[in-house]
Amino acid sequence: MKGFDQVDGNQFVVFSLNEQLYAFFIEEVVEILRVPSITSIPGINPYIEGVINLRGNIIPIVNLHKRFQLPTPEKNKKNRIVIVQGKNENIGLIVDKINMVTKFDEEHVEPVSNNQTIEEDIVIYYAKHKEQVIGVLNLEKVLYDNHHVS
């Protein structure tokens, strides 16, 4: 997990899911692309939407709405796939849209308290940005905790 001291000066990719803002450290993001045709695979983890062929590599695609037990909105042209580096492979995450790439000043970032009701440690910081709160996600917990993607 990234240390609190690593927040200051780092860039983040901020995206939205059901009007809520979340972010990953930019070094965790390999690339961002429009949603291509996704091949569904029967009988696999319900969070996995399917796979895509990205320049000859098969990339599993995780539906973050299902992963976070959120309602899945209608697909639209702003939807994107954020390709992130997993433990041994790249994994795609479907998001509603990319909002920005930004830096958070340390004074605008708070660690998450221990009494949260959401999945433990999945949000590691809250960043305040222009009157909005952005949850900085623990990528490893998103990908692998209790819901193995591989």
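Note that the numbering runs from 1 along the sequence shown for the chain. Because the structure is predicted, anything quoted here is derived from the model rather than measured.
- In this structure, the side chains of Leu54 and Leu33 come closer than 4.5 Å at one or more pairs of heavy atoms.
- Counting all heavy atoms, side chain and backbone alike, Ile81 lies closest to Gly92 at CG2-CA, 3.7 Å.
- Applying the side chain to side chain donor-acceptor pair (under 3.5 Å) criterion to Thr102, with sequence neighbours excluded, gives no partner residue.
- Ile38 and Gly50 make their closest contact through CG2-CA, 3.7 Å (heavy atoms, listed as atom of the first residue, atom of the second, distance).
- Lys77 contributes atom NZ, which lies 11.5 Å from atom NZ of Lys97 (distance to the nearest 0.5 angstrom).
- Taking the salt bridge (Lys or Arg N to Asp or Glu O under 4.0 Å) definition, one finds that Glu140 meets it with nothing, sequence neighbours left out.
- Partners of Ile98 by side chain to side chain contact (heavy atoms under 4.5 Å, CB included), not counting sequence neighbours, listed by chain and number: Val13, Phe15, Ile32, Arg80, Val82, Val95.
- Residues Ile48 and Ile83 fall into different hydrophobic clusters, defined by Ile, Leu, Val, Met, Phe, Trp and Tyr side chains chained together at heavy-atom separations under 4.5 Å.
- The shortest distance between side-chain heavy atoms of Tyr126 and Ile134 does not fall below 4.5 Å.
- Using cut-offs of 30° and 60° for the angle between ring planes, the Phe25 and Phe12 rings count as tilted.
- The side-chain heavy atoms of Tyr144 and Leu139, taken from C-beta on, include no pair separated by under 4.5 Å.
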(request) Please test Leu143 against Val84 for side-chain contact (heavy atoms from CB on, under 4.5 Å), starting from the C-alpha separation and ending with a verdict. (result) CA-CA 10 Å; Leu143 296 180; Val84 295; 4.1 Å; yes
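- Listed by chain and residue number, Ile44, Val51 satisfy the side chain to side chain contact (heavy atoms under 4.5 Å, CB included) test with Ile41 (two or more places apart in sequence, or in another chain).
- Contact check for Val29 versus Val101: no side-chain heavy atoms found under the 4.5 Å cut-off.
- For Lys128, the salt bridge (Lys or Arg N to Asp or Glu O under 4.0 Å) partners are Glu110, not counting sequence neighbours.
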Counting only pairs under 3.5 Å, give me each side-chain donor-acceptor contact of residues 58-66, with atom names and distances, residues two or more places apart or in other chains.
residue	atom	partner	partner atom	Å
Asn63	OD1	His65	N	2.8
Asn63	OD1	Lys66	N	3.2
Asn63	ND2	Glu49	OE1	3.0
His65	NE2	Asn18	OD1	3.1
His65	NE2	Asp96	OD1	2.9

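- Sequence neighbours left out, not one pair with a member in residues 14-24 passes salt bridge (charged side-chain N to carboxylate O under 4.0 Å, His left out).
- A chain of hydrophobic side-chain contacts below 4.5 Å, direct or via other Ile, Leu, Val, Met, Phe, Trp or Tyr residues, connects Phe24 to Leu17.
- Ring geometry for Phe104 versus His129: interplanar angle over 60°, hence perpendicular rather than tilted (30 to 60°).
- Of the inter-residue distances, the one linking Leu21 atom CG with Ser16 atom OG reads 6.0 Å to the nearest 0.5 angstrom.
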(message) Quick one, Ile94 with Arg67, criterion side-chain contact (heavy atoms from CB on, under 4.5 Å). Give me CA distance, side-chain angles, the key distance, then yes/no.
(response) CA-CA 10 Å; Ile94 298 175; Arg67 172 68 181 90; over 6 Å; no
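- Residues forming a side chain to side chain contact (heavy atoms under 4.5 Å, CB included) with Gln85 (at least two apart in sequence, or on another chain): Val30, Asn90.
- With sequence neighbours left out, Arg34 forms a salt bridge (Lys or Arg N to Asp or Glu O under 4.0 Å) with no residue at all.
- Taking both residues in full, the closest heavy atoms of Ser37 and Ile52 are given as O-CG2, 3.6 Å, listed atom of the first, atom of the second, then distance.
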(request) Evaluate the criterion side-chain contact (heavy atoms from CB on, under 4.5 Å) for residue pair Val123 and Asn138; output intermediate values, then yes/no. (result) CA-CA 6 Å; Val123 174; Asn138 178 337; over 6 Å; no
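- The list of side chain to side chain donor-acceptor pair (under 3.5 Å) pairs with a residue in residues 50-59, not counting sequence neighbours, reads Glu31-Arg55.
- Across every non-hydrogen atom of Gln69 and Tyr47, the tightest pair is NE2-OH, 4.0 Å.
- Between Val112 and Ile124, every side-chain heavy-atom pair lies at or beyond the 4.5 Å cut-off.
- Remark: Asn76 pairs with Lys78, Asn79 by the side chain to side chain contact (heavy atoms under 4.5 Å, CB included) rule, at least two apart or across chains.
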